[in-house]
Amino acid sequence: MPINYYIFLSITLFVIGIVGVLTRRNAIIIFMCIELMLNAVNLLLVAFSKMHHLAKAATDATAGIDGQLFVFFIMVVAAAEVSVGLAIIVMMYRNIHSVDVNFLNRLKH
Amino acid sequence: MNITQILFWFLSALTVFSALMVVVSKNPVFSVLWLIFTFFCISGHYILLNAQFLFIVNIIVYAGAIMVLFLFVIMLMNLNKSSEPKKHRWLRMAGVVAGGCLLLVFVAALKNIDIKKQIAETNTGDIGLIQNLGKALFSDYVVPFEISSILFLSAMVGAVVIGKKE
Amino acid sequence: MNALLLTAVLGVVMMFSSFLLSKKSIIRNLAILGLASVLVVNILEMSGIIFFKIDTKGMIFFDRFALLFNTIVFASTLIYFLLSSRDMEKVGTNYGEYFALIFFILCGITLSSSFRSLLILFLGIEIISIPLYILTGSDKKNLKSNEASLKYFLLGAFSTGLMLMGIALIYGSTGTFSTVDATTSGSPTSALFIAGMLLLMFSMAFKVSAAPFHFWTPDVYDGAPTVFTSFMATIVKVAAFIAFIRLFSDEFGNIQPRWQLLIALITAVTLFIGNITAVFQQSVKRMLAYSSISQAGFMMMAIYAMNADAKEGLLLYSAAYCLATIGIFAVLIKLKDYSFEGFNAFSKQQPLLAATTTIFLLSLAGIPLTAGFLSKFYMLRAAAMTGKYLWLVIFAVLMAVVSIYYYFRVIQAMYFKEGNGQTVEASIGFKWSLILLAAIIIILGIFPNLLIYWLYF
Amino acid sequence: MNNVLQIVWLIPFLPLLGFLINGLGRKILSKSLISVVGCGVVLVSFLISIWVFLQVKNGNVHVANYFDFISVHSLRVPFAFQIDQLSAIFLLIITGVGFLIHVYSTSYMHEEATEHFGRYFSYLNLFIFSMLLLVMGANYIIMFIGWEGVGLCSYLLIGYWFKNTEYNKAANKAFVMNRIGDLGFLIAIFWIISKTGNTNFSDVFSTTSNFTSADITAITLLLFVGATGKSAQIPLYTWLPDAMAGPTPVSALIHAATMVTAGIYMIARSNALYSLSPLSQNVVAIVGLATAILAATIALKQNDIKKVLAYSTVSQLGYMFLALGVGAYSAGVFHVMTHAFFKALLFLAAGSVIHAIGGEQDIRKMGGLNKLKITSITFLIGCIAISGVPPFSGFFSKDAILLAAYEHNKILYAVALFGAMLTAYYMFRLFVITFTGKFRGMEEQEQHLHESPAPITIVLIILAILSVIGGIVGIPDVFMKGGDKLTQFLSPVIPVKEGIAISSSTELSLMALSTVLVLGAIIAAWLRFRKYNFQPSKGIGKILENKWYVDEFYDAIIVRPLSKLSEILDEALEKSGIDALVNGVGKAVQYGGRQLRWLQSGQVGSYILLMVVSMVLFFVLQFFLRK
Amino acid sequence: MIPVLLIVIPLFGGLASFFLKNEKAVRPWALFFSFSTLAFSILGLTILKNNSWLQYQVSWISNLNTSFSVKLDGMGQILCLLNAVAYPLVFISTWKTNYKKANNFFALMLLMQAGLMGVFVAMDALLFYFFWELALIPAYFLCSQWGGERRIAVTFKFFIYTFTGSILMLVAIIYIYLQTSNHSFDISAFYNATINDKSQGWLFWLMFVAFAIKMPIWPLHTWQPDTYEQSPTAVTMILSGVMVKMGVLGMIRWLMPVFPLAFYQWGDRVTWLSIIGMVYASLIAIRQNDLKRLVAYSSIAHIGLMCAALFAETQSGMQGVMIQMFNHGINIIGLWIIIEFIEREFGTRKISDLGGLAQQSPAMAFLLVVVALANIGLPLTNGFIGEFLMFNGIFASTVTKFYLPFTAVAGITIIFAAVYMLNMIRKVFYGETNSLAAAGYSLRVNEKMALAIIVVFVFVIGLYPKIFLNITQETSEFILQKVDVSKFFKR
C-alpha cells in the first residue's frame, strides 16, 4: 500500500484522539483518547518500518526493524503510564468523587 | 483492487469509525469498548503489514490488559451511566474546529511529500516476526530494554506511593 | 555511564530502604551519601575513569557537555537534598520512595542529556515524567496536589503523544532513530521531516514550559508539594533544556534557518507571558512558577542561537538558575504563608535567610556579581552572535526589566515593609548550606570559568 | 618686575583684603576699627590710583600679566590688568568717590548693629574690588568677572536689610535683570573668542579685520545688551529705581556713581568695535536717548526723593549712551565723571535729608528743609550741576554730548535738548518741594530736624566743590583752546574723531540755546512748585506716576506667562505627561499581567485547545507563510 | 595599583561594616576608610603619577576575552577625587544623624563608593557594566530602607528606570563586542571596532538611553526629583553629586569615541533635547516648594548643559564638562548639606514654611549663599569656570550649525538659575523670622568643617582652575581626536 494512505490514516486517528481530548470532560475518556493517539503513532511506525524495509532490504536484511521495536517500547511506556495515570485518577476520585476535569479548577490564574 | 487493498480500506474505515465512536459515545463503558474495537482494527492493520509480534502484543497488552484495566476503573467508579456532563457547546465546537484545522494543516503539509509513492510492504517481509524482533531486542536494543525496566520500576513505585493507604 | 547505572541502582536501593529502614534520618543520610557518590563517580568519569563500559550501539554517548551537565545536576540535587530533604517528611509517609523516585528521575536526566537516539530521548523523558506525576500528587489528601498531578499527567501524556508522532514522522523521513545519522540518511528538508521536527519542538517546548505550551507549569508548580516543586522547577526543567538543545543541535542543527524563526517566536512569547503574568501574582510560589517560565524564555535563547556560546551559556544558566531557585524554594518551604505579605519584615526575623534569599533573587533577576547576570549575558551574547532577529535580544532585556518588578517585590517585602515576620525554624546546617549556596552563586558570578573550564579540559 | 605698574594688583587687592577682614571679623571688630579698615583700604587704593594716574599721564601704559586664569586648548585667558588712560580715569572715580562714600557711610550707618555694620563695609569693599576688576581687566573675561561681581554686590547691598521682603525682591530683580544683560555680554565674549581665539583687548582691537561686519554688529549689539542690563537702559532699566531699597550711600556709590556706568566703560573700551558698526551705534544712541526721555518723564511725577534721583540717573545714563552712540566716547566718559560727582552729591545729600527726618523718603511729607544749611546748599549745587547751568560741571559734559548729537543728527539733538529741559524741571521740582516752603511732615520729625554730623557734611562739601569745578577738564575749544584735556588724555584709547568741525558761532549759539531753555525750565519749576500742595494726578500724570506701567507691562508679558508656563510644565507636562507616561508603562505591564492571567483558566481543556491552536498557527507559519 | 586600591579599600571597609557589632564604632570606621580612599586618590594625582601606578590589568574571564583592566586617566582622576572627597564630606556632615542599623547603612554606602570607583576606572566594557550595576544596588537598598515616606515605590521606580537603561546598554556592549576584531571587551578594542553607519545609529541610542537616564536628560528624568526627595540626604548627596557623573563619564568614555559618526549624526537632536530639558527643568524649579525637589530640578538643568557641551565636540566644552563634573558634585553636596541641616533642625523642607533663617543662623546663610552662587556660576567660583568653558564650547562648535541658538537658549537658563536660587535664598533665609526658625541653628564644628572644605574648593577652582584643567587636558584631547569625524568625510 502506498505509504501516503497510512500517513493519512494515522493522522486522522491522531487528530480524532486530539479532538476527543478537546471535547470530553471525563478524565478517563481523555486518557483513552491519548491512548488512541499513541496507537495512531504505532500504526504509522509499523507502516514506516515496512516501507524502509522494502526500500533497503537489499543492503540490510533487518532494515526497518527498529521501527517495530520502537512500537514495542511505546507499548511498554504506555502500560507504565496507564498504571500511574489510573492510580492518579483513582486517587482523585477518592477525594472528590468525580473524574470530571472541569472540577480541576482550584489552580488557576 | 486485490484482497489486501480491500482489507486495508475496510479496516481503515472501521478504525476511523470506531475511533470516532470512542469520542462521541456518551457512556464511558461504550467508549472503552469502542476503543478496544479500534485496537482490534489496528491489530488487523498489523497483520496486513505482517507485524505478527506487534499484533499479538497489541491484542494482549493493549486490548487485553490495558483496556481491561480501564474498564475496571470505570466500573469501580460506577461511571457506566451516560451521566457525564457536557462541555459548553462552543468549547466543544472550538475543539472540533481546532482539531479539524490541525488535520487540514497536516494533510495540506504532507500531501506532497517526496516519499508518498513509496510502498509500505504488506503481507510479506519477516522483520515483524518474533524471532527477528527478539534477536534485535536482546542484542542491539538491550540497553533501552533495560532502561525500560527502570521505567517500570519507577511506575511501580509510583503506583504504590499513590495507591497505598496512609 | 557510571552515574546512569549508579542512579538506577540507588533508586532500587532507596525503594527497599523505605521498608527495611525505619529511621528517616538514616534513609536521608543514605540518599545524601548515595548522591554524593553519584557526583563523585560522575566527576571521575569526566576525568576518564569509567567503571562500566557498555556498548549502547551508539544510542547513548557521554560527551563532556553531557557529563558536565550531569555534574551540575547532581551537585544541584545534592544541595537540594541538603537544604530540603528534611522537609519531604512533611509531604507524606513514603519517605524512601520519594528518594527512589528522585533517583529514577536523575537516571532519566542522565539519559536525556546523553541520548543519541530518539528512543533514548523518549525513554529518558518518560522516566523523568512518570515519577514526577507521582511526586506532584504525593500529598494525597491535598486536593490541589491531586489536581496538579492529574493535570500534569493528562497534559504530559498528551505531549508524549505529540513527541511520538514527531518521532514517527522523522523516522518515516529518515529511516533511523539515531540523531546523528538522521541528517545524512534522509532528506532533512522534506515536509515529513519538518512536520516531525515541529511536533518534537512542541513537545520539548512543553517539557521546558515554553509558551504557548507552558499552561501546565503554573498550576502544577503551584499545586505540587513545595519541596517537589523546587526539584521540578529547577533540575528537571534544565534537564529538559539539555535534551532540547541536544536534540536540536544533533538532529536539526543543519537546518537551523528552518526553525530559528519559530524558536525565536516561542522565546519571545515565553518571555512575554512568563514575565507579564508573574507581575500580578499574589503568591510567591506561583510567582516563582511564572518566573521559571520567564527563565525558560531566556534559556530558549540558547536553542535559538545554537552555537558554542549558547551551549556554554546554557550550562552556566542551568547552574545559576537551579542554585538560585533551589535556594529560594528552600526558604519558601519553611514558611507557612506563601503570599508576598508573608515575607513582610522577614529580614528582622531571619536576617541570614533574608540576605541569602536576596542574593538568590538578585541572581534570578540577573544583577551583576551573581551567576544570574553572566548566564543571561551569555544568552544575550549567543543570540546577538547569530546576527539575526536582534529584536529578540532587545525584547528579552526589556522583559528582564519586567522581571525585576516581581523579584524585587519579595526583597521589598523582606526588608522595607512593616510586619512581624513569620517565625521560621532553621537549623544551623540549613543556614550553612544556604551560605554555601549563595557563595557558589557569587563565585560563579565572578568567575564563570570555574564551570565552563570543565567543558574543554 | 619690569614695569612699576606691575604692582597695580594692590589696588583691587586692598579692598578684597578689607572685605575679608570685615567680613570674617564682623563679630570681633569694633565699629571704629571696621570703619578704619573699610575706609583705609579704599583710601590707599585711591592713593595708588593717583600714582597710577600720574604714571599713565607720563605715558606709562602697561598690561600686567599675573597668571593663566583659564587655559584650554588654544584659548588662553590670562589674569591680567590693563592700565591705560581709560582705566586710570575710572580708577580715580571709583576709588575717589568710593572713598568719600565710605567715609560718609561710617556716619550714616552708625546705628546699625556692629555685626551688620561689618557686613555692610565688607560688601562695600567687595564692591570696590569687583568694580576695580571690571575696569582694570585686560580682557573681556576679567571684565566679566568684575561685571558679575558688582552685580552680586549690588544684590547683596540692595537686600542689605534682609528682613524686608520687598527689599529682597528688589535685590533679586536687580540681579536677575543684570543677568539678562550678562547673558548678552557672555555670548558676545564667545563670539569674540570664536573669531580671535582670545579676549585680550589688545588682540581683539588689533585684529578687527578677522570680523565680518555682521560679526561686529552682532557682537556690539550683544555687548550693548549687557550694557543695558548693568547701566539700566531700556528695556532693562526697571531694576534701578527699585534698587533704591538699599542704604542711601549704596545708591550713591553703586546705583549712581560707579556700577551703573560700567556699561559706558565697556562700550567706551570697545570703541574700536563700535566705530565699525554704524547700525549698533545708532541703536545705542536711540536707545540711550529714548531711555533718557522716558526716565525723565517718569521722574517728573515721582514723590520718593530717591526714586526721582534714580530716574534721573537712568536718564543721565541715557545721555551717556547717546554720547557713545554718536561716537563721542570721551564726552560719554566725561559725563560719567561729572555725573559721578553730582549724582553722588545729590544722593548723599538726599541721604542726609532722610537721615535728618528719621527715614522719611516721601517728598510730599518734606518741605522747608533749607534749615539744613549745608545739605540744602550742596543739594542745590547738585541740581544746578545736573541741569547743566554754566559753569557747573554738568554744563560742560552735557554740552559736549548735545554738541556731538547735533553733529550727528539734528533730531537727536532736539530730543536731547528737550530731555535736558525736563531734567532741569524735575530736579528743581524736587529741590523746591523738598527744601522750600513749609514742613509738611509730623511735628516730632520737625523737632528732631538736625544737620548731619561732620563726616557727612564734609563729604557733601567736597563733592559739591567737585561738582562745581569738575568741568574744567573738558572745557570746549570755543572757550579755551586745548581746554578739552580729558579728550586729549584719552586719545590713545579713544581716537579723536575727525568730524566736520562745527563753526564756533553755531556752537556758541547752541550753548546759549540750551542754557536759556534750562534756565527757563528751572524758573518754571520754581513757579509751579513754590506753593506745593499735593494733589492726586490724573490722565497723563497718573501714567507718569505709575512709570508708564512698564513694570506691570513686563509682569504681564514676561513674568506671568513664564510662571504660568512653569505651572503648566510642572502640573501638566511633568506630572500628567512625562511622568504619567513613565508610570503608565508600569501600569500597562500590571494591567497586562492582570489580563493575561485569564489565559491560565485552570481548565485542562482550554489549555490543550490553546496548545492545539498554536500548533496549527505554527504549522501554517512554517509550511504556508514562509518560503 | 592605585585604582585597584580605590576600589578595594571601600569594598573591604563596606563588607566588614556589615559584621561590625558595635554600631557606635561604625562611623569612625567608615570615616577611616573614606579618608584612606581620599589619601590614595590624592596620591594618584600627585606623587604616584606614572603609569605603573595608575594602571592595572589582569585577565578575568578568559574565554570572553575580558579582563580586570583599570586605569586612572585624567577624567578618572577627577571623578575619583570627587568620589573620594564626597564621602568624607557626607560622613562628616551627617555625623550626628541617626540611622537605624547604622552598620548596614555605612556598609552599603562604602559598597556604593566601591562601585562608583569601579565605574570611573574600568577600562573594560564588561567590567564597566559590572560596576555600573554594583553602584546601583546599594543605592537601591539605601534609599528604600532609610528614605522618606514614599521611599519604596519611588526607589523602585528609580531602580527599574536605571536598570532599563543599563540593560539596553548591555545589549549595545555585546553588539560592539561582537564587532571588535578579536572579540574583546577592552576599551581600545571598542575604540577600534568597525561599526557601520547604520548600526552606529541605533547602537548609539541604546547606550545613550542608559547614560541619559542616569544623568538624567529630559525627558528621561522623572525618576530623579522623586528619588532625591525621598532618599536619605546622605544618599542623595552621593546620588546627585557623584552618581550622575557615571552617565557623563559613560558618554565621554564609552559613547563618544565608539560611535563618532552617530555622535555627529544625532548631535543636534540630542543637544536640542538637553537644551529643552535645561529650560524645562529650570522653569519647573522656579515653582518648587520643596528644597530637595528644587535642587533636583536645578541639577537636571546643569546636567543638560554638560550633555549639550559634550555634543559640541570642542576642547573647551569637553574640559568644561570634566571640570564641571567635579564642581557640580562639590556644589550640590554643599547644597544638600545645608538642606540636611534645615530638615533636621526645623523638621521641614517646605520653602513656604521657612523664612528668616539668616538672622539666627548667619553662618549657614552665608555658606548657602556661597554655594548657591557657585551653583549659578558666578565668576571666581568654580561654577563659572565650568559653565563658561561649556558655553564657550557650545558656541565654538564646528559640528552644528545651530551653535548660536544652542548657546542663546541654554544661556536663558543661567537667568532662570538666578531666579530660582535667589528666590529660594530669599524665602528661606531672608525676610522676617517666623516661629519655626526662631530657635535658630548654629553649625557644629564638624558641619563647619565639611562646608569649609566645599568653600575652599569653590574658590580655589574658581580662581585657579588650571590645576584641574591640566589634569583633564590630555584625556579630552584624546577623546576628541577619536571623535573627529572629519576623517570619515574626507573619503
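Proteins come first, then strands; the chains are lettered A, B, ... in the order of their sequence lines, and each starts at number 1.
Under the side chain to side chain donor-acceptor pair (under 3.5 Å) criterion, A:His97 pairs with no residue, sequence neighbours left out. In terms of the side chain to side chain donor-acceptor pair (under 3.5 Å) criterion, residue partners of D:Lys575 (sequence neighbours excluded) are, by chain and number, D:Asp570. Residues meeting the side chain to side chain donor-acceptor pair (under 3.5 Å) test with A:Thr12, sequence neighbours left out: none.
The number of heavy-atom neighbours closer than 6.0 Å to CZ of A:Phe8, taken from other residues, nucleotides and ligands shown, is above 12. The number of heavy atoms from other shown groups lying within 6.0 Å of OH (A:Tyr5) does not exceed 12. Around atom CZ of D:Phe67, more than 12 heavy atoms belonging to other residues, nucleotides or ligands sit under 6.0 Å away.
The two atoms that bring D:Gln600 and A:Lys108 nearest to each other are O-CB, 3.5 Å, heavy atoms only.
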Quiz prompt | side chain to side chain contact (heavy atoms under 4.5 Å, CB included) between D:Gln603 and A:Asn105, worked out | solution = CA-CA 6 Å; D:Gln603 301 289 346; A:Asn105 59 1; 3.8 Å; yes
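To the nearest 0.5 Å, the span separating CG on A:Leu107 from OG on D:Ser601 amounts to 11.5 Å. Note that the CD1 atom of A:Ile18 and the CE atom of D:Met611 stand 9.5 Å from one another [nearest 0.5 Å].
For a heavy-atom cut-off of 4.5 Å, chain A lies close to D:Arg597, D:Trp598 in residues 584-599 of chain D.
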